[in-house]
Amino acid sequence: MDSRYSPQDIEEKWYRVWREAGAFEPKGTGKPFTIVIPPPNVTGALHMGHALNNTLQDVLIRFKRLQGYRTLWQPGTDHAGIATQSVVEKQLAKEGVKRQDLGREKFVAKVWEWKNEYGDRIVNQLMRLGFSCDWSRLRFTMDEGLSKAVREVFVRLHEDGLIYRGTRLINWCPKLQTALADEEVENKESKGFFWSIRYPLADNPAESITVSTTRPETMFGDVAVAVNAEDERYKHLIGKQVRIPGTDRTIPIITDEHADPTKGTGAVKITPAHDFNDYEVGKRHNLKPIIAMNLDATLNHMAGKYQGMNRFDARKAIVADLETAGLLAAVEDRLIQLPLCYRSGDVVEPYLLDQWFVDMKPLAVPALEVVERDETRFVPARYTKTYRDWLEPFKDWCISRQLWWGHQIPAWYVVSETGGARRQDTPFVVARSETDAQAEAVKKYGPQAVLVQEEDVLDTWFSSALWPFSTLGWPDKTPELEKHYPTDVLITDRGIIYFWVARMIFSGIKFLGKTPFHTVYIHGTILDEKGQRMSKSKGNGIDPIEMIGKYGADAVRFALMILTTEGQDIKLSPVKFETGRNFANKLWNAVRFVLPHLEDTASGSSNREDLSYDDLHLADRWILSRLDETIKTVTESLEPRGADGSSGLRFSEAAQALYRFTWDDFCSSYLEIRKKVITAEAATLSPEGLAAKKQAVSVFATVIEKLITILHPFMPFITEEIRQALGQKELLITSQWPAADICKQLGIESSSEHDLEVMTKLLKIVDAIRSIRGDYSLPPSHALDARISCDDEPWRKIVEAHKDIIDSLERVGTVSVGVNTAKPAFSASGLIPEGRLFILLEGILDPAQEKVRLTKELGKAEGFVAAQEKKLANESFVKSAPAEVVEGERSKLQSQRDKVEKLKAALADLG
RNA sequence: GGGCGUUUAGCUCAGUUGGUUUAGAGCAUCUGCUUUACACGCAGAGGGUCGGGGGUUCAAGUCCCUCAACGCCCACCA
């Protein structure tokens, strides 16, 4: 074994072994535990967000697998409608080809080609991190099975009257030429203008009403001017007609509550086809909307001379013309919220169009209830509010997209009913297949019915919403569905609570009658070291694959886990992975150190049954009880939902417990104490010595075996490698999670508290010696003579019995242990529990320095005593605080008083 | 405009239901180490009074109010 752990050598090997062993597949008759992966886009490349998100899932899955659950981590990818279509379009553009040149069928074939060629990239990248997804069950949202689920859901929702087609004002992306859902629009603040325009009265052009707008180019779609009924300024104008400048068209002045007298001029133009508020106003007043724009965001025939101009050029031209005509009353700078398409970044136009919608209220109500009833819980809990606030307004979901890549809507227009053409009033049938559609159309409209399928595809999120059950085979009744739905925990980021989480919950309830997961864990966002989001355009991303190459997959995983505290964003920089790498190296070396002795005593974990309480050294008992504590902490921290209903998923806490135990307790203390015994040359030992060595090695083997098991979810590769090095044949990944009962088994439990106490005190003696060594900058080569003075005989006996612990942790020449011994000349004093410590420093001791050191400590102790005395002198404290708290404070005071006395004595001794 | 989060050593962060820590860790800094598992290491040390202000309480980093800074999300661009 090399002194440096080289992850590169073993990661690929173990991943292959695990896969060949089928270790990732659900097995056995244990209780199922299921996680569905948030499917990455097929176009995606692995980023740190994926690394974090999936490491969390893998930690849980491996933990539960070791606990004996029948685990399924269901993987897959998302077809990502717009994103994927854009990628392929861009690629074609390089060859000078437009998708329209190819036609729909050929273009879609091209996208499939692209998917088949590059779609596995992200999957392969996920594998590099060791993720134990059941890859044999890899799914894609456009697979035949999942598409079947999509059609089934569409048909059923339609049958239930929850899907309808209608003309509504929707968000239109002119660049992508498709409708968008509300959540797909991002508002961004931007500089703009607020123009006030005079609309002359029809019957008296000398008089006018001034309206204010940020979008003058929509004026050709105006159908009214609204004022507030209470607004004195305009009362005399209500009911009159005004002429839209540049046209002959006149519109009425109406009253509506929407007109706010405090905003602008108080009079507002009403453009129902191009503004969401105006749309509502128009409905209230029965005003027919007028569309003034084409789908490519150029003005249409309503705009007269501006026809054909794009919206931004037209705006400039119109404003200039108004100014010339003297109709521009005012111009004001203004910050406006520009609605942008989340994919293309183009300015979204509200547009009146025929689209398909899902009626949300009947679906949302039960989805709110499961959260109310705690059947699904958000961690952190605050996201419950985010979820609720989004669902509660019950806004219908626009699900149709004018794209080619996606699930084509399973609706067929009976064009034969409208003269062979598809018109707005053409009837349609919705069915699971074209054959079914045909049959139904024939039944309804006769044998001459001619069908044309709806061209629109469904919103990508429509299929992702079904992910927890479509991936398991629904609508078929598969064994997987039977066992693994509902799933357990969903782990994702806050960005897709609306898009995805909410929709999975209502879909799961609607079609399977149960919420799809009991816990939704929302992790933080990975930021760069300055706290900015990582993005391609900023170029501030950290590539996980590069980090794996540099530090190893285990190091990347471990660092991310130690940084994951509930819901907190993570400021990341490459140096953070050093923690993980160093930790792996530490563990590696501990094993490397003891391994030869495991072999030469043949006391590997296989024949450990001879471990018995009587033979155990104090350090053995101590490390075993620390191990039990660590097992308990890690187990409880990882549990998603404790028996008492408490939330676990404290990843950082678990990782830190493992780190501390391994580094501080196991390596720094335990191994150092037992080093001599463990490494003693077997051939030179007496029978007793050999037995002691075997004991020590057995304890080491026991601890390391349990330790690598509970560490395995975090660092799967190195732990599997160590397991094999220990001579175990069975794979660690499918072994057993340990119970925190080793001490109990060995009969240590009854005395463990005392052991812990003694050990802690002994370690404090070592600390005191080391502290003096440090203060005098004495190198380890300088062996110290230590005199330990105990306050009483029983304690002296214990210290005497465990002198070897002190000796092994600190280079001492002689250690003598007495009771109330006098301070030797030329010695430095140290404070230890139930005693005093003297280090002989003849020729080294600097009384002045010693005085400074002791005085400083005395000051601290005296300050504490004063504070404690004051506290305990406070009658209301003694009266109101619980007895044990008061008692605790009293004993603290006592021990500090003791300390003060000893320090004073030490100072007096200095002379 | 509304909602949420953050503010604790130079930096990055822990700190459960207020009281066993006179505030912890890692990194960085300083000192001493070729101690034969590990310099991706060992030992020691310095460094915060917990954003500001007010309040509740015997007791507050921990609860309440308020102010400030930073960040995120949502909101009809009249």
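Order of the sequence lines sets the chain letters (A, B, ...), proteins ahead of strands, with each chain counted from 1.
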Euclidean distance, A:L391 CG relative to A:T386 OG1, rounded to 0.5 Å
11.5 Å
Can you confirm whether more than 12 heavy atoms, excluding those of A:K892, are under 6.0 Å from its NZ atom?
yes
If you check every side-chain atom of A:R581, which of B:C40, B:A43, B:C38 has the closest atom?
B:C40
Respond yes when some side-chain nitrogen or oxygen of A:T565 is under 4.0 Å from OP1 or OP2 of B:A14, and no when none is.
yes
N-O pairing of A:E850 and A:R853 below 4.0 Å
yes
Whether each nucleotide of nucleotides 16-30 of chain B has a protein heavy atom under 4.0 Å at its base (B), only at its sugar-phosphate (S) or at neither (-) is summarised, 5' to 3', as ---BS-B--S-----
Should A:E566 and A:R382 count as an ion pair when the cut-off is N to O under 4.0 Å?
no
Pairs of donor and acceptor atoms involving the side chains of residues 522-533 of chain A, under 3.5 Å and at least two apart or interchain, shall be tabulated with distances.
{"from": "A:H523", "atom 1": "ND1", "to": "A:T492", "atom 2": "O", "distance (Å)": "3.4"}
{"from": "A:T525", "atom 1": "OG1", "to": "A:R494", "atom 2": "NH1", "distance (Å)": "3.3"}
{"from": "A:T525", "atom 1": "OG1", "to": "A:R494", "atom 2": "NH2", "distance (Å)": "3.3"}
{"from": "A:D528", "atom 1": "OD1", "to": "A:K530", "atom 2": "N", "distance (Å)": "2.8"}
{"from": "A:D528", "atom 1": "OD1", "to": "A:G531", "atom 2": "N", "distance (Å)": "3.0"}
{"from": "A:D528", "atom 1": "OD1", "to": "A:Q532", "atom 2": "N", "distance (Å)": "2.8"}
{"from": "A:D528", "atom 1": "OD2", "to": "A:N540", "atom 2": "ND2", "distance (Å)": "2.9"}

Mind calculating the distance between CD1 (A:I336) and C1' (B:A75) to the nearest angstrom?
15 Å
Please determine whether ring-ring contact (aromatic ring centres under 6.0 Å, His included) holds for the pair A:F666 and A:F700, giving the CA-CA distance in whole Å, both sets of side-chain angles, and the decisive distance to 0.1 Å.
CA-CA 9 Å; A:F666 188 55; A:F700 174 90; 5.4 Å; yes
Between C1' on B:G32 and CD1 on A:I844, what's the gap in Å once rounded to a whole number?
14 Å
When we call it a touch if two heavy atoms are under 4.0 Å apart, what does A:K856 touch: a base, just sugar-phosphate, or nothing?
sugar-phosphate
If the P atom of B:C64 is compared with that of B:U6, how far apart are they to the nearest Å?
12 Å
Mind checking A:D278 for me? I need base, sugar-phosphate or nothing, with any heavy atom below 4.0 Å counting as a touch.
nothing
Using the C1' atom on both, measure B:A69 against B:C63 and round to a whole Å.
23 Å
Any side-chain N or O of A:R4 below 4.0 angstrom from OP1/OP2 of B:C40?
yes
Ignoring hydrogens and angles, does a donor from either the side chain of A:E566 or the base of B:A14 sit under 3.5 Å from an acceptor on the other?
no
Are A:K860 and A:E857 within salt-bridge range, i.e. N to O under 4.0 Å?
no
Base, sugar-phosphate, or nothing: which does A:D767 touch, judged by heavy atoms less than 4.0 Å apart?
sugar-phosphate
Generate the contact string for nucleotides 2-10 of chain B. Rules: B means base contact, S means sugar-phosphate contact only, - means no protein heavy atom under 4.0 Å.
-SSSS----
Report the distance from atom CD of A:Q337 to atom C1' of B:A75, rounded to the nearest whole Å.
8 Å
Reckon A:V225 touches a base, only the sugar-phosphate, or nothing at all at heavy-atom distances under 4.0 Å?
nothing
Give the rounded distance in Å between these two atoms: NZ of A:K576 and P of B:C40.
21 Å
Out of B:G32, B:A14, B:C42, which has the shortest distance to the side chain of A:W663?
B:C42
For the C1' atoms, the ones on B:G24 and on B:G47, what distance do you get once it is rounded to whole angstrom?
14 Å
Once you apply a heavy-atom cut-off of 4.0 Å, does A:Y498 come out as touching a base, just sugar-phosphate, or nothing?
sugar-phosphate
Can you list the residues that meet the salt bridge (Lys or Arg N to Asp or Glu O under 4.0 Å) rule with A:D346, with sequence neighbours excluded?
A:R311
Just to confirm, is there a sub-4.0 Å distance from OP1 or OP2 of B:C58 to any side-chain nitrogen or oxygen of A:K879?
no
Could you measure between the two P atoms, the one in B:G46 and the one in B:G10, and give it in whole Å?
15 Å
Using the P atom as the point on both nucleotides, what is the distance between B:U16 and B:U20, in whole Å?
12 Å
Here the distance between atom C1' of B:C13 and atom CG of A:L560, to the nearest Å, is 15 Å
Tell me whether A:E280 is salt-bridged to A:R284, with the criterion being a basic N under 4.0 Å from an acidic carboxylate O.
no
Does CD belonging to A:E875 count more than 12 external heavy atoms closer than 6.0 Å?
no
Heavy atoms from C-beta onward define the side chain here; which of B:A37, B:U12, B:A43 lies closest to that of A:L671?
B:A37
Is the ring pair A:F193/A:W195 parallel, tilted or perpendicular, if the boundaries are 30 and 60 degrees?
tilted
Pick the P atom in B:C13 and in B:U7, then give their distance to the nearest Å.
9 Å
Please report the distance separating the C1' of B:A9 from the corresponding atom of B:A28, rounded so that it comes out in whole Å.
11 Å
Calculate the interatomic distance between A:W390 atom CH2 and B:A75 atom P; express it in whole Å.
11 Å
Nearest-Å distance, CZ (A:R650) to P (B:A14)?
14 Å
Partners meeting side-chain hydrogen bond (donor to acceptor under 3.5 Å, both in side chains) with A:N187 (sequence neighbours left out)
none
Base, sugar-phosphate alone, or nothing: which one does A:R215 contact when heavy atoms must sit under 4.0 Å apart?
base
Strand RNA chain B as a dot-bracket string - pairs counted if Watson-Crick or G-U with both distances under 3.5 Å, | where the partner lies in another strand:
(((((((..((((.....[....)))).(((((.......))))).....(((((..]....))))))))))))....
Residue among A:I562, A:L638, A:D554, A:L560 satisfying side chain to side chain contact (heavy atoms under 4.5 Å, CB included) with A:F714
A:L638
The answer to which of A:D182 and A:G774 contacts RNA chain B further toward the 5' end, by nearest nucleotide, is A:G774
Is there a donor N/O on one and an acceptor N/O on the other, under 3.5 Å, for the side chain of A:K586 and the base of B:C38?
yes
Within this structure, what is the CD-to-P distance between A:E529 and B:C11, rounded to whole angstrom?
15 Å
Picking from B:G44, B:U35, B:A43, the nucleotide nearest the side-chain atoms of A:P780 would be B:U35
If you round to the nearest 0.5 Å, how far is CD1 of A:I251 from CD1 of A:I270?
9.0 Å
A:A590 vs A:I570, nearer the 5' end of RNA chain B by closest nucleotide
A:I570
Could you tell me how far B:U49 sits from B:A43 if I compare only their P atoms? Round to whole Å.
28 Å
Would you call the rings of A:Y387 and A:F378 parallel, tilted or perpendicular if under 30° counts as parallel and over 60° as perpendicular?
tilted
